[in-house]
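To start, the structure under review is shown below, and the notes come after it.
Everything numeric here is computed off the predicted structure, so don't read it as measured data. All ligand and atom numbering here is 1-based and tracks the order in the structure.
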Amino acid sequence: MPGIAVIGAQWGDEGKGKVVDALASTADVVVRFSGGANAGHTVVVGEQVYKLHHLPVSTLHERPMSVLGGGMVIDPWTLRDELEGLRARRDPGEVHISSDAHVVLPHHKKNDEGGGFVGTTGRGIGPAYSDKARRLGVRFGDLLDDERLRQALGRLIEGKPNSTARVGWATVDDALATLDDVRSYVAPMVRDTGVLVRDALARSQRVLFEGGQGTMLDLAYGTYPFVTSSHPTVGGILVGAGVSHRALHGVYGVVKAFSSRVGHGPFATELAGSEAERLRGTGSNQWDEFGTTTGRPRRVGWLDLPQLRYACEINGFDGLVVTKLDVLSGLDEVRVCVRHDGETPVYETMPGWGDLHGLGSREALPREVLDYLALIEEFTGVAVRMFSTSPDRDDTYGSVDWGA
Ligand code: IMP
């Protein structure tokens with residue numbers, strides 16, 4: 001079955017959007033399987049910059065169908081704004097929403113305000129997944145049927161009366177009145193997307209599973225409690241898209257040539273001061289390290305190879321995609337963490353490299369970059385299949401194996 005997955009190997013913001021964009025033109029279906037509007041994929045198409053949150057990158061391509069899978073938590077109001085904003089610029093093509101995906105409701109956003117000790121994106125993600133686990137959630141399928149929706153809202157309001165009252169939902173009718181217009185907007189897009197994706201695979205169509213966030217933000221295997229509330233790792237695909245392990249022909253990990261993280265939590269190779277400013281950039285171009293969703297400056301640091309090896313083990317990557325190599329251009333030296341001595345990272349220092357624009361091929365990479373990639377491959381035991389050297393669509397090199 002020709003399914004491939006693209007997964008963040010660090011803390012998110014690895015440049016997955018650009019990688020999925022490069023692969024989407026040869027896919028038939030692109031599926032988001034976890035998270036929601038906490039994600040932010042920036043894609044540069046010519047002069048145009050697109051920032052996507054819920055929508056898969058396939059909405060910027062003509063052919064592939066876009067699926068928002070059952071593992072997602074979707075804010076229908078934000079989704080409507082995102083889709084209508086995109087529609088004003090281009091045709092997003094066919095978009096389907098899983099009837100199993102959960103609805104991010106006003107009280108979820110209210111309860112996520114301020115970001116708490118984790119420094120969340122404030123999009124209501126944690127509270128929505130928490131209601132899902134407590135069996136108090138509302139699913140997109142519920143929005144299609146009056147009686148089902150009344151029952152789901154009734155359970156919610158009875159289960160969390162204080163929380164819902166704070167957003168003006170004392171009764172089911174209050175809630176229905178808020179949901180009314182957005183319900184009719186999303187309804188035509190809601191269906192059993194698991195069937196749709198499994199059928200596509202059975203017909204040997206190419207399905208691309210588009211990861212959000214990154215491995216170290218995984219609820220189970222990331223830096224708990226400083227994590228998101230879903231599973232951006234490979235396991236999240238099966239439950240989040242409604243497919244079996246047979247759907248996966250290849251799983252590719254996207255890793256930035258350095259590291260970054262937004263929000264709080266451990267980050268061993270983090271830099272401060274002018275070194276950090278240099279890696280972060282100025283916020284004036286799309287490659288700069290400022291959050292797509294929140295605009296927050298990202299914490300930045302050197303590449304952490306033991307962390308990357310962990311991501312390779314957890315996800316079983318068939319290949320790596322190294323992005324943002326150009327951000328390190330112009331440095332005299334580049335450091336890479338090869339070991340952790342307790343909390344202290346131990347670095348290997350390598351010579352830096354110059355301008356990487358317009359290379360045309362892997363062979364054209366400077367010796368220093370080839371050595372950098374070779375160190376990554378040697379340390380992780382995983383081949384670097386693709387790399388990218390600028391935010392432009394054209395500066396992505398290499399390919400993945402679709403198997404069909
Ligand atoms: P939440 O997903 O909004 O609950 O946030 C939990 C943690 O994950 C916070 O540290 C966020 O900054 C981080 N996070 C969530 N989504 C992303 C993402 O798409 N990129 C990078 N960090 C993210």
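- Of the protein's heavy atoms, Val262 CG2, 3.2 Å lies nearest to atom 22 (N) of ligand 1.
- Relative to the six-membered ring of Phe267, Arg261 misses at least one condition, a distance below 6.0 Å or an angle of at most 45° to the axis.
- Listed by number with element, the atoms of ligand 1 under 4.0 Å from a non-hydrogen atom of Trp11 are 21 (C), 22 (N).
- Of all protein heavy atoms, the one lying nearest to atom 17 (C) of ligand 1 is Gln213 CG, 3.5 Å.
- The protein non-hydrogen atom at the shortest distance from atom 9 (C) of ligand 1 is Gly119 O, 3.3 Å.
- Tested against Asp131 for a side chain to side chain donor-acceptor pair (under 3.5 Å), the candidates His102, Arg155, His107 yield a single pass: His107.
- Looking at every heavy atom in both residues, Asp288 comes nearest to Gly281 through OD1-CA, 3.6 Å.
- Taking the ring centre of Phe387 as origin, the terminal cationic atom of Arg362 falls outside the region bounded by 6.0 Å and 45° from the ring axis.
- Residues Asp401 and His249 bring a donor and an acceptor atom of their side chains to less than 3.5 Å of each other.
- By the 4.0 Å heavy-atom criterion, Arg123 is excluded from the residues contacting ligand 1.
- With hydrogens left out, the protein atom closest to atom 2 (O) of ligand 1 is Thr228 OG1, 2.6 Å, a heavy atom.
- Gly212 does not count as a contact of ligand 1, since none of its heavy atoms falls under 4.0 Å from the ligand.
- Ligand 1 places these atoms under 4.0 Å from at least one heavy atom of Asp13: 20 (N), 21 (C).
- In this structure, CG in Leu105 is found 8.5 Å from CG in Asp75, a value given to the nearest 0.5 Å.
- Below 4.0 Å from some heavy atom of Leu217 lie the following atoms of ligand 1, by number and element: 8 (O), 13 (C), 14 (N), 22 (N), 23 (C).
- Between Asp112 and ligand 1, no pair of N/O atoms sits closer than 3.5 Å.
- Rounded to the nearest 0.5 Å, atoms CZ (Phe258) and CG (Leu279) are 5.5 Å apart.
- Distances below 4.0 Å separate heavy atoms of Val118 from the following atoms of ligand 1: 6 (C), 7 (C), 10 (O).
- Less than 4.0 angstrom separates some heavy atom of Val227 from each of these atoms of ligand 1: 6 (C), 7 (C).
- A cation-pi geometry, defined here as NZ or CZ lying under 6.0 Å from the six-membered ring centre and within 45° of its normal, does not hold between Lys132 and Tyr129.
- Residue contact annotation: Arg296 has a non-hydrogen atom under 4.0 Å from ligand 1.
- For the 3.5 Å distance criterion, the side chains of Ser163 and Asn111 qualify, holding a donor opposite an acceptor.
- Atom 3 (O) of ligand 1 has its closest protein heavy atom at Thr121 OG1, 2.6 Å.
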